[in-house]
Amino acid sequence: ADPRAVLELYGLAAAAGSANAAVEAARLLEGAKGAKADPVAAARWWYRAATLGNAQAKTRWLELVLGGRVAELGGEEGARWLAALAEGGNVRAALVLAAAYETGAGTAPSPAQAERWYRHAALDLGDVEARFRLGRMLLAQPAAWRVLEDEVWTRKDADKEKKTLGPVWLARKPDVDDEKRVHLRPGIWEGERWLTLAARQGHAEAQYLLGSLLVEGFELPMDLLSGLAWLDAAAAQGHALAAKAAGDLALKGTGLFAKDPVRAWVMYDLAAAKGLAAGAEARDALARTRGGRALSRARQLAQDVREVSGL
């Protein structure tokens, strides 16, 4: 029988409330009976069967989601299933749930829910990936307004004046005198703290992002020495973009005592070795301006770095 025709029949029955038909549709979309596999569509039918009460379907849907083959939550039921796992200590469930709320994958985007589950995984479960994502998310929060003199900082005053305890962030510019209102980034300091914690735990992407932000000096206060150190740390783990950025800084002498073309060549070479075309282009362009002795030294240094870093 034509798999497409069979799938259509299963789909009609499943839409009418048949859990068994939804299961068969899911199996067909996973490649059964010679049908073309479609994991995303299969997951949707597994989810449909699960919401109709099929326990096997729920287990299979969770396997697909937690295994990274499907990014969508499916719906409110899926969010509840993942939340139960996350509250039970499943780090992967917390990350999947947070990412879905952050990006709107299968559910309405909810920064508050995304932050909640990243924070749970980062703080309660001690997960380094969650610490990186939480830091990145907090740093990306847009600026908001505060009226400092209207805020209360003791529980007694909050109860007496019936106000929120602590900072109050306003999306719109408050209608008060200029000297009473301030425009600030609400997550900048806590975001840096989480990002730094992840970087210290060896998270290469956190090291790269933190280093880039410190070097640029826009999102965070400029700190060239620390920024370059974090870029070097990420490059030593094989992060191609970090190596390219560190090479650019060395070529200009930014954060160093002077321009260092040998160091720049080494970093570009590391980036090229990880498949970054821009790294190879920068390395080759720099090589055309260097003498044979300098290139020999650079190649030896690059080899030493690879051996020490295990790249």
Verdict with supporting geometry, Arg306 and Asp269, salt bridge (Lys or Arg N to Asp or Glu O under 4.0 Å) = CA-CA 10 Å; Arg306 287 197 191 93; Asp269 189 59; 2.2 Å; yes
Validation row: Trp265, Leu301 side chains within 4.5 angstrom (heavy atoms) = no
Trp61: which of Trp45, Trp46, Tyr47 passes ring pair (Phe, Tyr, Trp, His ring centres under 6.0 Å) | Tyr47
Salt bridge present between Glu190 and Arg193 (N-O < 4.0 angstrom) | yes
Would you check if Glu151 and Val147 make a side-chain contact, meaning some heavy-atom pair closer than 4.5 Å?
-> no
Return yes if some donor-acceptor pair links the side-chain N/O of Gln113 with the main-chain N/O of Ala98 below 3.5 Å, else return no.
-> no
Test item: Asp127 side-chain N/O and Glu129 main-chain N/O as donor-acceptor pair under 3.5 Å = yes
Side-chain donor/acceptor of Lys173 to backbone N/O of Ala144, under 3.5 Å | no
Expected output: side-chain Thr289 to main-chain Leu286 donor-acceptor under 3.5 Å = yes
Kindly determine whether His239 and Gln207 satisfy side chain to side chain donor-acceptor pair (under 3.5 Å), including the steps that lead there.
-> CA-CA 9 Å; His239 197 293; Gln207 292 170 344; over 6 Å; no
Pair Asn20-Glu24, side-chain donor/acceptor within less than 3.5 Å = no
Between the side chains of Tyr118 and Glu102, does any donor sit under 3.5 Å from an acceptor?
-> yes
Is a side-chain N or O of Asp38 found less than 3.5 angstrom from the main chain of Ala41, in a donor-acceptor match?
-> yes
N/O donor-acceptor pair under 3.5 Å between Thr51 side chain and Arg48 backbone = yes
Just wondering, do Leu256 and Leu249 contact through their side chains at under 4.5 Å, heavy atoms?
-> no
Around atom CD of Glu76, are there more than 12 heavy atoms of other residues, nucleotides or ligands at under 6.0 Å?
-> no
Looking only at atom types and distance, does a side-chain atom of Arg131 sit under 3.5 Å from a main-chain N or O of Ala122, one as donor and one as acceptor?
-> yes
Can Glu30 and Arg27 be said to form a salt bridge (Lys or Arg N to Asp or Glu O under 4.0 Å), step by step?
-> CA-CA 5 Å; Glu30 286 199 338; Arg27 287 174 175 162; over 6 Å; no
Below 4.5 Å, heavy atoms only, C-beta onward: do Arg155 and Leu165 meet side chain to side chain?
-> yes
Is the closest side-chain heavy-atom distance between Phe218 and Ser212 below 4.5 Å?
-> no
For the pair Glu161 (side chain) and Val152 (backbone), establish whether a donor and an acceptor sit closer than 3.5 Å, ignoring hydrogens and angles.
-> no
Do the non-hydrogen side-chain atoms of Leu148 and Arg146 ever get within less than 4.5 Å of each other?
-> yes
Asp150 versus Val168: any side-chain heavy-atom pair under 4.5 Å?
-> no
Just by distance, with hydrogens left out, do Asp284 and Tyr268 show a side-chain donor and acceptor under 3.5 Å apart?
-> no
Taking atom CZ of Arg181 as the centre, report whether more than 12 heavy atoms of other residues, nucleotides or ligands fall under 6.0 Å from it.
-> yes
Taking atom NZ of Lys259 as the centre, report whether more than 12 heavy atoms of other residues, nucleotides or ligands fall under 6.0 Å from it.
-> no
For Asp248 and Lys244, what are the C-alpha separation, side-chain angles and deciding distance, and is it a salt bridge (Lys or Arg N to Asp or Glu O under 4.0 Å)?
-> CA-CA 6 Å; Asp248 291 341; Lys244 173 63 167 56; 3.0 Å; yes
Using 4.0 Å as the upper bound for N to carboxylate O, is an ion pair formed by Asp260 and Lys252?
-> no
Main-chain N/O of Ala250 paired to Thr254 side chain as donor or acceptor, under 3.5 Å | no
Would you say the side chain of Leu123 lies within less than 4.5 Å of the side chain of Trp194, judging by non-hydrogen atoms?
-> yes
Is any NZ, NE, NH1 or NH2 atom of the basic residue among Asp232 and Arg263 found under 4.0 Å from an Asp or Glu carboxylate oxygen of the other?
-> yes
Candidate pair Leu134 and Glu115, rule side-chain contact (heavy atoms from CB on, under 4.5 Å), full reasoning | CA-CA 7 Å; Leu134 178 59; Glu115 181 180 335; 3.9 Å; yes
Just list the side-chain donor-acceptor pairs under 3.5 Å for residues 63-72, sequence neighbours left out, or say none.
| residue | atom | partner | partner atom | Å |
| --- | --- | --- | --- | --- |
| Glu63 | OE1 | Arg60 | NH1 | 3.0 |
| Glu72 | OE2 | Arg44 | NH2 | 3.3 |

